[in-house]
Structures are given as C-alpha cells and as structure tokens.
Asker: 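Take this structure first; my questions come after.
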Amino acid sequence: MTELERKHDRTPVPKEWAYAPAPESRDVVSLDDRYGHFVGGTWLEPSETYTTISPASEEPLAEVGQATPEEVEAAVAAARDAFENGWSGISAAERAKYLFRIARILQERSREFAVLESLNGGKPIKESRDVDLPLAAAHFFYYAGWADKLEYAFPNRRPRPVGVAGQIIPWNFPLLMLSWKIAPALAAGNTVVLKPAETTPLSALLFADVLRQAELPPGVVNIVTGDGRTGAALVKSEGVDKIAFTGSTDVGKAIQRELAGTGKKLTLELGGKAANIIFDDAALDQAVEGIVNGIYFNQGHVCCAGSRLLVQESIYEPVIEKLKRRLTTLRVGDPLDKNTDVGAINSKQQLEKIRELVESGEQEGAEIYQPPCRLPEKGYWFAPTVFTNVAQSYRIAQEEIFGPVLSVLTFRTPEEAVEKANNTPYGLSAGVWTEKGSRILWMAAHLRAGVVWANTFNRFDPSSPFGGYKESGFGREGGRHGLEPYLQFASAEVKG
Ligand code: NDP
C-alpha cells in the first residue's frame, strides 16, 4: 500500500459536499405583536390592521396598521406642525447632526435591521447585511454632509425647503428606499410622511425607534403603514407639498394624473427592462458574474435589474454554457442562511405574476432553462431561470418581470446592440461589457438609460444620481441632484 493510499484510507471522503446550514440568529430582532402608525413622535393606535408575514415560511410576524385617510391626515398635520414650528427654523448644522446620528445608529444596529429585512422581505441575509444596510447608513452620512452646504450646492439660487414630503416606497429594498427618500428630504429641511409597502412594513417601523434614539424632534418623520389605499390618500392629501414615489409604472402614471394641476412637486422612480450587453472582447468569466449579479441579486426584484441579456453573436455559445454552469451553483433557500444566494419571492401575488410571464415566454416559443434545485415547500419560491431563443416582441423581452428570470437576445454590431437595448418603453439602466474604453463611451452616449454601468452591474453609491428616462420616471435620487426635488428656489414657489 502506498503512502497516498494509506492516507485516503484514514480520511473518509464525504459522500456529499453539500453546505452545512449557516443560519443567522433571529434572536437579535424582537418584534411586537402589533404596531400602530408613528405620528408626531408617538404611536397612534390604528383603527384597522392586517398581518404581515415572512414570505419564506408564510409565518405571521406581526399585526400592522392599515392607515385610513383620517390617519394619513393626522400624520400630514404632525409633519406640517413640525415643519412650521421648529424643523425649518433650526440651523442647518443642527439638522446635519440628527442625520449623522441616524447613520451611526443604523450602523450600530445593522445586524438587527439586516435580519428583520430578510425575515419580512425574503432577501438573502448576505445581501441585506452587505448591501442594504451599509448603503442605507451611507445615504444618511452622505446627506448629513450636504445639510449645511445647500448655498454652495446651488449658488445664487437661495434654496429653501419645500415643506411636507409624502414618500411612498416599494418592497424590494424597504430600508434602503426609506433612506433614499428620508435622508435628502431632511437634509433640505423638509418634514416627511412615509408609507412603506404593504408586504414589508417592519424595517420602517423599527426605524421609528432609531428616530427616538437620535432624539429627532416629534413629527419630523411620520410613518403610516397600509396598502395602496393609504398611498393614494397620501397623494391626495392637501397638506402635502411634494410626492416622491418608487414603484410600478402603472401606479406612477396614476399618481401623475392625480397631481396634474395641483402645483405639488413630483418625482417618480418606476420600472425598468435593462439591457446587459456583452461584447466579444469582454472578460467572459467576469461578465458571467455580472450577468448573475444583474438578474439574480435580490431575486430579480430590482428596478434596474439586467433582465435582458444582449450577447454578441460570436460568443453566444460559450456565454450561455458558462452561464448555465454558474446557475447550477446558486443556492436557493432560507433567506436567513448565510450561504443563500437567491431567497424567497416577496409575495404570493408577485410569484403569480412571475409564473404568468414565464408561461407566456414558453408559449410564445422561447426555450427555458432552470438549474436542478429543490425549492422549499412552504413560502414563495422561483428557481433562477434563463430564456434563450427570445424574440424582441415576446412579453418576456418587453415587460418587467421583477423576478429571477433572464431573457437572452443576440446582436452583431454596436449599432444593433444600441437599437435593441433602446427598444423598450423604459430607460432606467444598462450594462456594457467590453475591454475597449472608447466603445464604453460610445455606448454610454447612445444608450437611453439613466445609469450605464461598464464592466460591472448594480453598483450604487450615495454620491451618484439614479433615475430614469421615458416610462422609468423622472427626477434623480442620490448625489447633489437628489436634493433638488426637495428644494424650492427664490424664483419658484411650490404652490401656485
Ligand atoms: P406598486 O407600484 O403598487 O407599489 C409601490 C408602492 O406604491 C407601495 O407602497 C404600494 O402600496 C403603493 N401604492 C399602490 N397603489 C397606490 C396608489 N394608487 N397610490 C399611491 N400609492 C400606491 O407595486 P407593486 O408592489 O404592486 O408591484 C407591482 C409591480 O411593480 C412589480 O411586479 C414590479 O414589476 C413593479 N415594481 C417596481 C418597482 C421599482 O422599484 N421600479 C418596485 C416595486 C414594484 P402596496 O405595497 O400596499 O401596494
């Protein structure tokens, strides 16, 4: 027997190389049985409630309020009172201090928030821990820095706050969207009424505790929970000076119609159908990672997801082969397991929408690929999916699926890539993979998208403005640009 054979004899080779479970503890989060609305610094007992659940297990987590129009009005009145009797009068440097405090507290409590975000929303803990939380804190830090520099940001324009901002956010990045909305609004001197999405209210409600810790004056931030009816009441409220909305294009259009002629300011961050474009000179392994990150990050519940893959014809086969191989290594399952790559679909309703669009893709003639994976029995799940043989006219190439579903198309020349990429009612983001800097610049100049990533995808930074063209909405969030919607200038009044 050789030395090597003897060694093998002593070290049993595991039959299975599966990952051991690595669950994050839930103990760090303590939930109340029931939550009210956070109005004027205290909890308002809700007249109606509903149950919010964990989409991974369908387990009920808490009862939360379904705010009526009267309750929304109480929140708007609290925000108005705080605006007129304090917040708009304090020095900008004081405002900055509160924002810094909020940022620091979010960092200190980041584990608690990350667990709650994954529990209520279904996203993998490694994403909420490494992306949502650091970015949310970074937004507050960033806008804290601007609060006392508005005169420099907008020289000779005498910036003033708008007043009360009504903010409506979706369920895909609950805390991050909250920070994108609240941080610039407060930095600019406004007060806020925020409505989180019906399915993911818990991190916003926990955020109320951060405001208490930061000793933010009562009424500066108010949080009302509920479904679309609560959002609609906030939009209609006469006491609101500005609406900031992130969500579907249909609801965005309805809000725009509602506000037409009222003189209220409006910014809309809506859907997308981004093209991720791979040229034949790209580093293919990196590009495949970028494709995976572009569409399977957060289960594809990302408005700027790279949901249309455009591959140059000459490298189609190796790209698809590498992509399929990579998909077999994605781990779908418990969002609180640190090894999970793809978590739960956010709601039953969203799962049904994904299924319906995927069925339409198969019926229209596209070829479907899903890696072998066992999905949990309880909860809402969808396996990572790739469609090849996709024609531009198919619904899966046109409509926002908002799930882990990629549609692959091909192109031959840069001009054809641009034409296909721009052939969508949306215009939020795009990705370009090539080693040629000149081609990146040419593509970026011709792609009709608010953000164009080069040799990367889904990168965010608070200093970088984000927003869309066409049916992806208008207005920018992030950066100095993100302050502008929350300000009025000496020459322009908000209400006519
Ligand atoms: P919505 O646009 O309905 O939701 C976004 C937010 O608006 C939520 O807080 C929602 O409340 C609220 N809302 C709903 N109706 C109204 C209304 N009439 N007036 C004011 N506010 C309202 O998106 P859905 O959650 O229904 O998702 C549907 C589709 O939208 C998804 O499949 C996806 O394609 C797209 N979407 C895009 C997002 C993006 O970031 N671009 C984000 C979310 C969804 P409630 O949660 O109670 O419905």
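When a ligand or atom number is given, it counts from 1 through the structure's own listing order.
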Asker: Has Arg212 got its NZ or CZ under 6.0 Å from the middle of the six-membered ring of Tyr98, at an angle within 45 degrees of the ring axis?
Answerer: no
Asker: Tell me whether Gln349 at atom CD has more than 12 heavy atoms from other residues, nucleotides or ligands lying less than 6.0 Å away.
Answerer: no
Asker: Output all residues satisfying side-chain hydrogen bond (donor to acceptor under 3.5 Å, both in side chains) with Thr388, sequence neighbours left out; order by chain, then residue number.
Answerer: none
Asker: Determine which pairs satisfy side chain to side chain donor-acceptor pair (under 3.5 Å) with at least one residue from residues 127-137, sequence neighbours left out, and list them in order.
Answerer: Ser118-Ser128, Lys123-Asp132
Asker: If you look only at pairs with a residue in residues 28-53, which of them pass as a ring-ring contact (aromatic ring centres under 6.0 Å, His included), with sequence neighbours excluded?
Answerer: Phe38-Trp43
Asker: Let me know which of Leu194, Ile105, Ile102 forms a side-chain contact (heavy atoms from CB on, under 4.5 Å) with Phe207.
Answerer: Ile102
Asker: Taking any residue with a non-hydrogen atom under 4.0 angstrom from an atom of ligand 1, which ones do you get?
Answerer: Ile168, Ile169, Pro170, Trp171, Asn172, Lys195, Pro196, Ala197, Glu198, Gly226, Asp227, Gly228, Gly231, Ala232, Phe245, Thr246, Gly247, Ser248, Val251, Ile255, Leu270, Gly271, Cys303, Gln350, Lys353, Glu400, Phe402
